[in-house]
Each structure stands twice: as structure tokens, then as C-alpha cells.
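Scroll down for the structure; my scribbles are underneath it.
Because the structure is a prediction, the values reported are computed rather than measured.
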2 protein chains.
Amino acid sequence: MSRVIATIDCPVAAPKNLMPASVAEPLADLLKVLADPVRLRLLRLVADAPDTTACSCHLPGPLGISQPTLSHHLKKLVDAGLLVREQRGRWAHYRLGSQSLLPLREYLDSCC
Amino acid sequence: MSRVIATIDCPVAAPKNLMPASVAEPLADLLKVLADPVRLRLLRLVADAPDTTACSCHLPGPLGISQPTLSHHLKKLVDAGLLVREQRGRWAHYRLGSQSLLPLREYLDSCC
DNA sequence: GGTTCGTATCGATATCAGTCGATACGACAA
DNA sequence: TTGTCGTATCGACTGATATCGATACGAACC
């Protein structure tokens, strides 16, 4: 006959409510856009601009990056809704997107 | 004599105060750790646990990842200070690290 | 001591992101 | 229309990272 073995099990209960992947993945995508020093500086720069509008003609120099690289980063920020692009004559101007960081704020408040 | 050319210049002033790279890079590193769906779910899972403590023995199954992959992600979270590891007998338990998200909260409040 | 089991590390692979030079596009100026 | 200039795209390279199987380590049990 089989003996009942008193195995010492992990005393912590298994998790019940797991955050769904359908929620975690879009949030991770947003964080991936934020997780770059150049883009963090770009966002802050637009936020600090007089009317929260910045022209990209001034940016490559201080940031130490080339023009294609700047264009690449700005596109990422616009695609994520973090910046809004507006064409003024020959120049492209950028302002902050609204509400785009709401999912991140909600996660931080609910989680940590 | 030279003629003054009325070139139409960009009407937006050049940025003055640029966020220093020494600030942006650590924050980007923290965001890189957060920018993964598995790690977002792990953090939320620990936060939702009864005493905010979770045992990793229950995690690979629901998350759909192998044990080495789980170990990899937990190490990243611990290294970033987002989780604190505590050995209890044979099991490793995890709780939330405190203050580790402060730089991110400050950035969000000051910027966006 | 030997076994079991939770966890970490190693090695390999595959995918992805940042960067830049070269080039194309497009709007305004002359 | 021709040129200039701001911007986007392309192609290529490089480095970082997520993943897993195999294996090693370490502590508790028998």
C-alpha cells in the first residue's frame, strides 16, 4: 500500500488573478518607447518649451545625434501618441500628446 | 556691399535647458526593466499577493515561460530594486522594493 | 551519504532596436 | 523652373535581449 508522505509544501498560496497578457503587452510597448534616454530628453524638452511646442531644427546638435536618428525617435514618439506632430511651413513642430501616459499612471498607482 | 537677406527662420526659440544625459540614462535603464510584459505581470502579481509576497514556485505555469526564463526576469527586477528577494528554506520569496519607482514618478509629474 | 527539488548559470539562437551615411521627397524661395 | 533646405526613408551594421535545453549548485529531507 502507498504511504502518505508529509511533503513540506510552499506555504504561500498560488496567485489567483494574473494580469492578462492583453493588458500587459500594450503597456510594455508604451514603456519600450519611453525606455530610451534620447526620447526621454525629447519629451522633457517639448514639455519645457514655452508653449510646449518644439521645432526639430534645433535638436540634433544639443542631443549629439544625427538627423536620421532624430527623425527615427520622433516617429516612435508620435506613433505612441506621446507627441503630436504639426507641420508649419517647412518645419515640423511637436507638442505633447494628451492621455497617452494614462495606462502607465494607472499601472503605477494600482501596483506599486 | 553685402545685402541683408531676410531669411525666414524657424520662429521657435532654441531649447535652453536640456535634460542631462546623466539623469536620462538611469531612468531609461529603469524603464527598460519595466518594458516587458512578463515583468509587468510579475510585479503586479507580487503587489496583489496577500502579504505582497510571492513564491516563484507557482509562477512558470500561469505565465507560460520556462524556469530559466523566470529566473532571468526575477533577477532583472531584483537588480533594478523593483523586487526584494528573501530566501525562506528552499524557496525564494519576493516582495516589492520601496522607492525604486520614485524617479519615474518624478519624471511623469514634471514632464507630462 | 545519497536523493530530491528549487533555483541559478551557461551556451546557443533568434529577434529587435539604435545608429548613421546615402538618398529621396516636398515645400518654399529666387 | 530651378535651387535650397527641412525631413523621411533605405540599407547596413552593431549591440542588446528574450528564450530555452542542459547543467550546476545548494539546501532540506530520508
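Taking atom CD of residue A:Glu86 and atom P of nucleotide D:dG6, one finds them 18 Å apart after rounding to whole Å. The distance from atom CG of B:Asp29 to atom P of D:dA16 is 12 Å, rounded to the nearest whole Å. Regarding A:Leu70, its CG atom lies at a distance of 13 Å from the C1' atom of C:dC20, rounded to whole Å. Look at CG on A:Leu42: it is 14 Å from C1' on C:dG18, rounded to the nearest Å. Atom C1' of nucleotide C:dG18 and atom NZ of A:Lys75 are separated by 15 Å, given to the nearest angstrom. Between B:Leu40 atom CG and D:dA18 atom P the separation is 12 Å, expressed in whole Å. Nucleotide D:dA18 holds its P atom 11 Å from the CD1 atom of B:Ile65, rounded to whole Å. Protein atom NE2 of A:His93 is 11 Å distant from nucleotide atom P of D:dG6, rounded to whole Å.
Considering only side-chain atoms of A:Ser66, the nucleotide from D:dA8, C:dG21, D:dT19 that sits closest is C:dG21. Distance from the side chain of B:Arg90 is smallest to D:dA27 among C:dA8, D:dA8, D:dA27. Nearest nucleotide to the side chain of B:His73, out of C:dT9, D:dT19, C:dT7: D:dT19. The side chain of B:Gln67 sits closest to C:dT7 out of C:dT7, D:dG21, D:dT7. With C:dA8, C:dA17, C:dG21 as the choices, the nucleotide that has an atom nearest any side-chain atom of A:Lys76 turns out to be C:dA17.
Each of A:Gly89 and A:Asp36 has a nearest nucleotide on DNA chain C; the 5'-most of these lies closest to A:Asp36.
For B:Arg39, a side-chain nitrogen or oxygen approaches OP1 or OP2 of D:dA18 to under 4.0 Å. Between B:Thr69 and D:dA18 there is no side-chain polar atom (N or O) within less than 4.0 angstrom of OP1 or OP2.
Between B:Arg105 and A:Asp109, at least one side-chain N (NZ, or NE/NH1/NH2) sits under 4.0 Å from a carboxylate O, which counts as a salt bridge.
With hydrogens and angles disregarded, no donor-acceptor distance shorter than 3.5 Å links the side chain of B:Lys76 to the backbone of B:Val33.
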| task | Decide side-chain contact (heavy atoms from CB on, under 4.5 Å) for A:Ser66 and A:Thr69; before the verdict, give the C-alpha distance in whole Å, the side-chain angles of both, and the deciding distance to 0.1 Å. | result | CA-CA 5 Å; A:Ser66 70; A:Thr69 301; 3.1 Å; yes
| task | Tell me, with the steps shown, if A:Tyr94 and A:Val78 meet side-chain contact (heavy atoms from CB on, under 4.5 Å). | result | CA-CA 9 Å; A:Tyr94 295 88; A:Val78 170; 3.7 Å; yes
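Using a 4.0 Å heavy-atom cutoff across all strands shown, A:Lys32 reaches no nucleic acid atom at all. In this structure, A:His72 reaches the bases: a heavy-atom distance under 4.0 Å links it to at least one base atom across the strands shown.
The side chain to side chain contact (heavy atoms under 4.5 Å, CB included) with B:Leu101 is formed by just one residue from the set B:Leu96, B:Leu108, B:Leu34; it is B:Leu34.
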